[in-house]
Colleague: 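Questions regarding the structure given below will be posed in turn.
Lettering of chains follows the sequences in order, A, B, ..., and the numbering in each one begins at 1.
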There are 2 protein chains.
Amino acid sequence: MTRYYKEYDEHLVALDCIIFGFDEGELKLLLLKRKFEPAKGEWSLMGGFLSKSESLDEAASRILNQLTGLSNIYMKQLSAFGEIDRDPGARTISVAYYALIKIDENDRLLAETHGAEWISITKLPALIFDHSQMVDKALEALRRRTSREPIGFELLPVKFTLPQLQSLYESICGEQLDKRNFRKQILETGLLVKLEEKDKESSKKGAFLYKFDHRKYNSYVEKGFLFQLKVRSGQIIKENNGNVLDIQE
Amino acid sequence: MTRYYKEYDEHLVALDCIIFGFDEGELKLLLLKRKFEPAKGEWSLMGGFLSKSESLDEAASRILNQLTGLSNIYMKQLSAFGEIDRDPGARTISVAYYALIKIDENDRLLAETHGAEWISITKLPALIFDHSQMVDKALEALRRRTSREPIGFELLPVKFTLPQLQSLYESICGEQLDKRNFRKQILETGLLVKLEEKDKESSKKGAFLYKFDHRKYNSYVEKGFLFQLKVRSGQIIKENNGNVLDIQE
DNA sequence: CACTTTAAGTGTAAGATATACACTTGTAAT
DNA sequence: ATTACAAGTGTATATCTTACACTTAAAGTG
């Protein structure tokens, strides 16, 4: 490849992953304690550097895979972060991605070997650099996207109950939803398939399991029908043991 | 600054600006013919390279200013583009920004000296590299943001008429709106101030001029009130003289 | 085995919002 | 004085959103 643009500065390009999961009725992030300087030992997002031989999307997937062992994960670019002093280690541009993981299917041990932990978004610790900013922005993006696209299912096992789904939506949008209205709305989409089985984890009666009909959804998308949930962008109330509230974008 | 991360690749980081304007009842983009290799002479977005001494946002503003002479312009980061071969000149990460400009206030001559032209989004030519993809994505982002935030006013002169405003919204969302419903909705927000003056450009009767009440809007935002317009994300129909439709993200 | 406990599951009516729709007004040009 | 043109205005209907409380199924308990 002929090389033009010789006279311009080159930069380190990092990738940081905001990894969402849903477990025990709570929306969680996979965070780890940084293993190298600067800021060794502090809480951080999973990150890494872009190499010449990969695209941004590929690099983000690689980094997610290193931590979780997972591939083919729902991942979207959030934004590039480029303040001059954002990383005290060196001038670094960071491109943040967020990922949605089904914690059930995940090898929890693998995450633990890397010193990673699933932490509820209501109890986030202070994070290094501008990572808290990234998390705030990712939460906003997740909320907005949730109302436009049925991405909640990326966070649940393949088979899930309606109470689970409702609880997930409540965690994402940060407010209580009416059970009957929620069920009516979500079933009206025609995208859920009711199974014969029940899940008896959380009640004696048991709740019917459902599957999301990806096939039908894709055909709707092609036809231009829109998925729309009336999920308001209420704030998730954060407990006061982190700096998430302090850092403004 | 101590330099960590020595072992990682460095990359050129470019910025590309999707510059929106509204003129003659049409949503337009400021495009220019590229003055250097590769792809010299082809239509392109305004772009430039990030230097060590500036943040991404600063660089984007600098580049916009170089072309238009304008500063303090509404500008948002769209996304980073990082396919390996996206720029045949060299491996380059590009961070795209979109800007909203009041064409009236703009020195049209300055744009012309740079060989730039305002081109209707319904008549876009083929663009270099992945710039058409960037434009498509910027249009989507503009439509979505328009329904959440009163950014339309960034594209109009300080004083504007309701028919102008309606025409702008129609251009953005790509469909006709009902005059009475539109006026009712937009006036209900309480964010428009009716002036005594009339604009007689487009009718004998003349249409009253209005101003957007930025102050009131900011106080609403602080109080958490939301601006919401029911602007559907209809597609803007593109005429068949560009490749905008062909490139998929 | 009857009783208690727990969460799952179900429908409707009232209020709010969105939509469709047609005539009058003001002014310049002829 | 007449015509032509876009600006400006209100209401009724349909649709969507919201609020709300009891019944059901099954396991655990005495």
Colleague: Measure from CG on N181(A) to C1' on dG11(C) and round the result to the nearest Å.
Modeller: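 Distance, rounded to whole Å: 11 Å.
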Colleague: Under 6.0 Å from the six-membered ring centre of F208(A) and within 45° of its axis: does the NZ or CZ of K194(A) meet both?
Modeller: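 Ring-cation test returns yes.
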Colleague: Starting at CG of D178(B) and ending at P of dT13(D), how long is that distance when rounded to a whole Å?
Modeller: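 From D178(B) CG to dT13(D) P: 17 Å.
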Colleague: Would you give a per-nucleotide map of nucleotides 1-10 of chain C, 5' to 3', where B means the base has a protein non-hydrogen atom under 4.0 Å away, S means only the sugar-phosphate does, and - means neither?
Modeller: ----BSBBBB
Colleague: Please give, in whole Å, the distance from dA7(D) P to L192(B) CG?
Modeller: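 For the pair L192(B) CG and dA7(D) P, the rounded distance is 16 Å.
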Colleague: Could K159(A) and E197(A) be called an ion pair, given the rule that one side-chain N must be under 4.0 Å from one carboxylate O?
Modeller: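 Yes, K159(A) and E197(A) are salt-bridged.
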Colleague: Rounded to the nearest angstrom, tell me the gap between atom CD in Q185(B) and atom P in dT11(D).
Modeller: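 From Q185(B) CD to dT11(D) P: 19 Å.
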Colleague: Do K102(A) and Y74(A) form a cation-pi contact, if we require the NZ or CZ to be under 6.0 Å from the six-membered ring centre and within 45 degrees of the ring's axis?
Modeller: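 Not satisfied by the 6.0 Å and 45° rule.
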Colleague: Can you tell me whether the side chain of K184(B) and the base of dT11(D) have a donor-acceptor pair closer than 3.5 Å?
Modeller: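 Flag set: donor-acceptor pair detected.
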Colleague: Answer yes if the ring centres of F153(B) and F160(B) are under 6.0 angstrom apart, and no otherwise.
Modeller: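 Ring centres of F160(B) and F153(B) closer than 6.0 Å.
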Colleague: Could you check how far CD of Q228(B) sits from P of dC16(D), rounded to whole Å?
Modeller: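 These atoms are roughly 18 Å apart.
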Colleague: If you count every heavy atom of other residues, nucleotides or ligands that lies below 6.0 Å from N218(A) atom CG, does the total exceed 12?
Modeller: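 Enclosed.
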Colleague: Whole Å only: how far is the CZ atom of F182(B) from the P atom of dA7(D)?
Modeller: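 Rounded to the whole Å, the gap is 13 Å.
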Colleague: Run the ring-ring contact (aromatic ring centres under 6.0 Å, His included) test on F182(B) and Y169(B) for me, step by step, so that the C-alpha distance in whole Å, both residues' side-chain angles and the decisive distance to 0.1 Å come before the verdict.
Modeller: CA-CA 10 Å; F182(B) 177 79; Y169(B) 274 96; 5.8 Å; yes
